[in-house]
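Working notes for the structure below.
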Amino acid sequence: SLVSNVKMRPHDHWQIQRLTALYLIVALPLLLGVLFHWKNAPYQDIILSLKNPALTLFIASTLGVCLYHMVLGMQVIAKDYLKGLAAKVI
(Lines give C-alpha, C1' and ligand atoms only; values in the text may rest on other atoms or scores of the structure.)
Protein backbone atom coordinates (compact mmCIF):
# COMPACT_ATOMS: atom_id res chain seq x y z
CA SER A 1 0.00 0.00 0.00
CA LEU A 2 1.01 3.60 -0.45
CA VAL A 3 1.08 4.27 3.27
CA SER A 4 3.44 1.40 4.08
CA ASN A 5 5.85 2.21 1.21
CA VAL A 6 6.56 5.77 2.34
CA LYS A 7 9.65 6.10 4.54
CA MET A 8 9.06 8.73 7.23
CA ARG A 9 11.27 9.99 9.97
CA PRO A 10 9.66 9.81 13.42
CA HIS A 11 8.96 13.54 13.62
CA ASP A 12 7.38 13.48 10.13
CA HIS A 13 4.84 10.96 11.39
CA TRP A 14 4.04 13.18 14.36
CA GLN A 15 3.71 16.31 12.19
CA ILE A 16 1.48 14.63 9.63
CA GLN A 17 -0.77 13.22 12.36
CA ARG A 18 -1.11 16.71 13.88
CA LEU A 19 -1.87 18.27 10.48
CA THR A 20 -4.55 15.70 9.74
CA ALA A 21 -6.00 16.29 13.22
CA LEU A 22 -6.16 20.04 12.60
CA TYR A 23 -7.90 19.48 9.27
CA LEU A 24 -10.39 17.12 10.89
CA ILE A 25 -11.13 19.56 13.74
CA VAL A 26 -12.42 21.99 11.11
CA ALA A 27 -13.81 19.58 8.51
CA LEU A 28 -15.77 17.10 10.64
CA PRO A 29 -18.18 19.66 12.15
CA LEU A 30 -18.80 21.01 8.65
CA LEU A 31 -19.39 17.50 7.32
CA LEU A 32 -21.75 16.75 10.20
CA GLY A 33 -23.59 19.99 9.41
CA VAL A 34 -24.04 18.87 5.80
CA LEU A 35 -25.24 15.43 6.89
CA PHE A 36 -27.62 16.97 9.43
CA HIS A 37 -28.97 19.27 6.71
CA TRP A 38 -29.61 16.21 4.54
CA LYS A 39 -31.40 14.36 7.34
CA ASN A 40 -34.92 15.15 6.16
CA ALA A 41 -34.06 16.33 2.65
CA PRO A 42 -35.64 14.63 -0.35
CA TYR A 43 -33.43 12.22 -2.25
CA GLN A 44 -33.38 14.47 -5.33
CA ASP A 45 -32.04 17.42 -3.29
CA ILE A 46 -29.21 15.30 -1.91
CA ILE A 47 -28.26 14.06 -5.38
CA LEU A 48 -28.41 17.60 -6.72
CA SER A 49 -26.12 18.88 -3.98
CA LEU A 50 -23.68 16.00 -4.57
CA LYS A 51 -23.35 17.15 -8.18
CA ASN A 52 -21.53 20.20 -6.83
CA PRO A 53 -17.84 19.31 -7.35
CA ALA A 54 -16.67 21.40 -4.39
CA LEU A 55 -18.96 19.57 -1.97
CA THR A 56 -18.09 16.18 -3.42
CA LEU A 57 -14.36 16.96 -3.21
CA PHE A 58 -14.79 18.18 0.37
CA ILE A 59 -16.60 15.00 1.42
CA ALA A 60 -14.10 12.73 -0.37
CA SER A 61 -11.06 14.56 1.03
CA THR A 62 -12.50 14.58 4.54
CA LEU A 63 -13.14 10.85 4.42
CA GLY A 64 -9.68 10.24 2.94
CA VAL A 65 -7.91 12.35 5.57
CA CYS A 66 -9.98 10.68 8.28
CA LEU A 67 -8.93 7.22 7.12
CA TYR A 68 -5.28 8.29 6.77
CA HIS A 69 -5.34 9.77 10.28
CA MET A 70 -6.77 6.48 11.53
CA VAL A 71 -3.99 4.51 9.80
CA LEU A 72 -1.33 6.73 11.40
CA GLY A 73 -2.90 6.19 14.82
CA MET A 74 -3.15 2.45 14.35
CA GLN A 75 0.53 2.33 13.35
CA VAL A 76 1.44 4.04 16.62
CA ILE A 77 -0.73 1.63 18.60
CA ALA A 78 0.77 -1.38 16.82
CA LYS A 79 4.30 -0.11 17.33
CA ASP A 80 3.82 0.75 21.00
CA TYR A 81 1.66 -2.12 22.23
CA LEU A 82 2.00 -5.06 19.88
CA LYS A 83 5.78 -5.01 20.03
CA GLY A 84 5.62 -5.54 23.80
CA LEU A 85 2.93 -8.19 23.41
CA ALA A 86 5.06 -10.15 20.92
CA ALA A 87 8.01 -10.03 23.34
CA LYS A 88 5.83 -11.44 26.13
CA VAL A 89 4.54 -14.29 23.96
CA ILE A 90 8.05 -15.28 22.86
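For reference, positions follow the sequence shown, starting with 1.
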To the nearest 0.5 Å, what is the distance between [atom1] on [X] and [atom2] on [Y]?
X	Y	atom1	atom2	result
Gln17	Gln75	CD	CD	9.0 Å
Arg18	Leu72	CZ	CG	10.0 Å
Ile46	Lys39	CD1	NZ	12.5 Å
Ile59	Leu35	CD1	CG	7.0 Å
Leu28	Cys66	CG	SG	5.5 Å
Leu24	Tyr68	CG	OH	12.5 Å

What residues join Tyr43 in its hydrophobic cluster, counting side-chain heavy atom gaps under 4.5 Å, either direct or through other members?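 Ile47, which link up through side-chain heavy atoms under 4.5 Å apart, make up the rest of the cluster.
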Please answer: with hydrophobic residues joined when any side-chain heavy atoms are less than 4.5 Å apart, are [X] and [Y] in the same cluster?
X	Y	answer
Phe36	Leu31	no
Leu19	Met70	no
Val65	Val76	no

| message | Could you go through Leu50 and Trp38, starting from their C-alpha distance and side-chain angles, then the distance that decides it, and tell me whether this counts as side chain to side chain contact (heavy atoms under 4.5 Å, CB included)? | response | CA-CA 11 Å; Leu50 283 173; Trp38 286 345; 3.5 Å; yes
Original post:
Stepwise, does the side chain to side chain contact (heavy atoms under 4.5 Å, CB included) test hold for Thr62 with Tyr23?
Top reply: CA-CA 8 Å; Thr62 301; Tyr23 175 82; 3.1 Å; yes
- Task: Any chance you could lay out the side chain to side chain contact (heavy atoms under 4.5 Å, CB included) test for Val71 and Leu67, step after step, and finish with the verdict?
- Result: CA-CA 6 Å; Val71 166; Leu67 290 173; 5.6 Å; no
For Leu30, enumerate each residue passing the side chain to side chain contact (heavy atoms under 4.5 Å, CB included) test, keeping only those at least two apart in sequence or located in another chain.
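Partners of Leu30 by the side chain to side chain contact (heavy atoms under 4.5 Å, CB included) criterion, ordered by chain and then number, come out as Val26, Phe58.
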